[in-house]
**Q** 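Please find one structure pasted underneath; my questions will follow.
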Amino acid sequence: MRITRKPTGQKFFDLFTEVGSNIGASVEVLRDFVRAPVDRRADLAERMHALENVGDDATHAIIEHLDRSFVTPFDRDDIYRLAVRLDDVVDHMDAAVDLATLYRVSELPEGVEAQVDLLCRAARLTAEAMPRLAAPQELTAYWVEVNGLENEADRVYRRLLSALFDGRRDALEVMKLKDVVEELEQAADAFEHVADVVHSIAVKES
Amino acid sequence: MRITRKPTGQKFFDLFTEVGSNIGASVEVLRDFVRAPVDRRADLAERMHALENVGDDATHAIIEHLDRSFVTPFDRDDIYRLAVRLDDVVDHMDAAVDLATLYRVSELPEGVEAQVDLLCRAARLTAEAMPRLAAPQELTAYWVEVNGLENEADRVYRRLLSALFDGRRDALEVMKLKDVVEELEQAADAFEHVADVVHSIAVKES
Amino acid sequence: MRITRKPTGQKFFDLFTEVGSNIGASVEVLRDFVRAPVDRRADLAERMHALENVGDDATHAIIEHLDRSFVTPFDRDDIYRLAVRLDDVVDHMDAAVDLATLYRVSELPEGVEAQVDLLCRAARLTAEAMPRLAAPQELTAYWVEVNGLENEADRVYRRLLSALFDGRRDALEVMKLKDVVEELEQAADAFEHVADVVHSIAVKES
């Protein structure tokens with residue numbers, strides 16, 4: 001069921017490239033959000049939510065195209081998993097922004113900018129990898145780098161958590177901030193899961 | 001290894017139908033639980049736990065039947081994943097009920113009934129889909145609807161979370177209620193994961 | 001692509017055996033950690049972190065060997081998933097130890113030793129199963145026992161959670177302890193996920 005993939009897979013590669021660009025746009029809104037004064041946050045949350053909808057539509061387009069395709073550039077299951085995992089990334093960024101807005105968090109903790117910087121770097125690597133999916137074996141560096149960023153994100157996250165408990169905040173405030181930074185941490189994990197699917201595709205092709 | 005599936009798969013379809021009915025029964029107990037006065041909760045928690053055991057037994061029956069079957073209606077891996085994902089649904093509902101009981105939560109927050117309503121609707125769709133697994137391509141509407149319910153559940157959950165922090169509850173009470181509603185949110189996610197497996201089976205068959 | 005597995009797979013079985021031993025060593029450090037006086041914890045956290053690095057290296061060695069192998073003892077995807085799942089076990093134990101250290105938790109709650117005992121038993125079963133991966137069908141007892149331990153771990157965890165809220169601790173302290181015991185609970189889940197992958201390999205081979 002697998003044939004030379006140049007003409008067949010192009011539509012999939014185009015859609016994944018679109019999803020990658022959308023992640024890039026979302027992470028920029030996230031960066032603006034964590035730097036913005038409180039009164040600009042509602043606007044940015046709305047923009048993030050609009051991008052999340054764009055991502056949903058692109059994910060559905062991939063799955064519908066999969067339903068209609070007789071030949072696919074990779075295993076159907078892997079295309080499906082890749083689409084779902086990419087969708088998770090923006091879902092977690094949107095959840096972080098949504099919770100920070102709903103909770104009316106007054107001040108985000110200091111380490112959040114470092115968390116978001118790592119997400120920006122993972123987003124750039126992911127957006128660059130998507131147009132190159134036709135040659136997954138050449139994406140080893142991408143996979144290794146995203147894994148490294150996730151390890152760094154873990155460290156930043158745990159230091160951030162422990163700083164939340166430094167005694168300057170009451171328990172309810174800590175809980176709210178924890179929910180927000182946990183969603184950001186899950187976004188970092190989600191980038192790693194995307195890279196893992198790409199790597200498992202490369203492993204099967206090798 | 002795959003042959004016409006009518007006679008072969010019937011036992012699997014019967015077992016999945018049984019699991020679907022059990023989820024339907026569990027969600028009814030959950031609905032009673034969230035409406036019941038505190039002194040009736042222990043009884044209902046016990047009934048939920050009994051249903052969780054029934055579900056475990058059915059899951060094991062599916063996996064044992066898989067171990068003994070030479071031909072299967074779908075990929076072995078998908079049967080296995082479907083069984084495990086269905087099991088997760090009741091596990092999370094049982095965990096919610098168990099925690100609310102253990103924590104001696106006095107009053108569940110208002111939005112919980114809306115959460116449970118969405119779980120009831122997802123349970124009905126799932127129970128109706130299970131006897132129709134022999135034609136997974138016809139289950140697209142089920143998959144789309146469960147995904148829609150999960151999006152709605154996300155929104156309800158986040159509004160509920162932010163209402164928990166309205167200042168009327170102390171931090172320890174918020175933490176307890178948060179654990180309960182998180183398990184309910186994970187039950188909604190689990191319904192989506194079930195639908196995702198069904199959809200990925202349909203994609204392979206197409 | 002699958003041939004008789006004795007000579008081919010040996011390198012994989014050796015690497016998985018190594019990972020199993022490393023999990024055994026990690027759980028011993030975890031046991032020492034939860035029993036140790038506060039001033040010895042930093043040392044033990046460092047030892048745990050060193051073992052986590054050893055595990056990372058072994059995981060990468062498995063994946064690199066997979067990249068270079070033309071024939072593999074199981075599906076490539078399953079080898080990959082097994083490596084990733086095993087890695088998760090030590091990650092969660094390391095996270096528990098790291099958080100307890102960062103949070104400067106003064107006293108771990110009583111039930112933690114019961115949690116760690118269950119992890120020790122799951123670790124022993126896992127370490128014993130790894131050298132026997134060449135005959136996954138004979139590992140049914142391992143899978144059943146790890147599932148049983150996970151159920152027990154669930155119960156211990158929920159009782160532990162509810163004891164945390166007995167009113168003797170303030171909310172910030174409860175939050176810190178909850179983070180630590182949650183990581184231990186996730187380590188128990190991770191052992192079950194490892195066993196699930198092994199079982200799904202056995203199912204395919206049957």
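These numbers come from a predicted model, not from an experiment. Basis for what follows: all heavy atoms, side chains included, without hydrogens, waters or symmetry-related copies. The chains referred to below are lettered A, B, ... by the order of the sequence lines, with proteins before strands, and numbering in each begins at 1.
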**Q** Please flag which part of C:L161 lies under 4.5 Å from any non-hydrogen atom of chain B: side chain, backbone, both or neither.
**A** both
**Q** Nearest 0.5 angstrom please: C:T59 OG1 to C:E18 CD, how far?
**A** 9.5 Å
**Q** The criterion is side chain to side chain donor-acceptor pair (under 3.5 Å); which residues satisfy it with B:R31, sequence neighbours excluded?
**A** B:D117
**Q** Can you check salt bridge (Lys or Arg N to Asp or Glu O under 4.0 Å) on B:K176 and B:D179, steps first, answer last?
**A** CA-CA 5 Å; B:K176 291 176 190 173; B:D179 276 354; over 6 Å; no
**Q** So what's closer than 4.5 Å to chain C heavy atoms on B:D170: side chain, backbone, both or neither?
**A** neither
**Q** Rounded to the nearest 0.5 Å, what separation is found between the OG1 atom of B:T140 and the CD atom of B:Q137?
**A** 8.0 Å
**Q** Picking from C:M175, C:R159, C:R169, which has the most non-hydrogen pairs under 4.5 angstrom with chain B?
**A** C:R159
**Q** Which residues, numbered in order, of residues 181-198 of chain C come under 4.5 angstrom of chain B by heavy-atom distance?
**A** C:D196
**Q** Could you report the tightest heavy-atom contact between C:L125 and C:Y142, atom names first, then the distance?
**A** O-CD1, 3.7 Å
**Q** For the candidates B:I63, B:V174, B:I79, which exhibits the highest count of non-hydrogen atom pairs separated by less than 4.5 Å from chain C?
**A** B:I63
**Q** Hey, what's the ring geometry for B:W143 with B:H199, parallel, tilted or perpendicular (30° and 60° as the breaks)?
**A** parallel
**Q** Quick one: does B:E113's side chain get under 4.5 Å of B:V116's, heavy atoms only?
**A** no
**Q** Measure from the side-chain N and O atoms of B:H49 to the backbone N and O of B:A45, and report whether any donor-acceptor pair falls under 3.5 Å.
**A** no
**Q** For C:I23 and C:L86, work out which heavy atoms get closest and say how close.
**A** CD1-CD2, 3.7 Å
**Q** Do you know which two heavy atoms are closest between B:A123 and B:V27, and how far apart they sit?
**A** CB-CG1, 3.8 Å
**Q** Run the side chain to side chain contact (heavy atoms under 4.5 Å, CB included) test against B:D14 and tell me which residues pass, sequence neighbours left out.
**A** B:Q10
**Q** Using heavy atoms and a sub-4.5 Å threshold, report which of residues 33-41 of chain C line up against chain B, by residue number.
**A** none
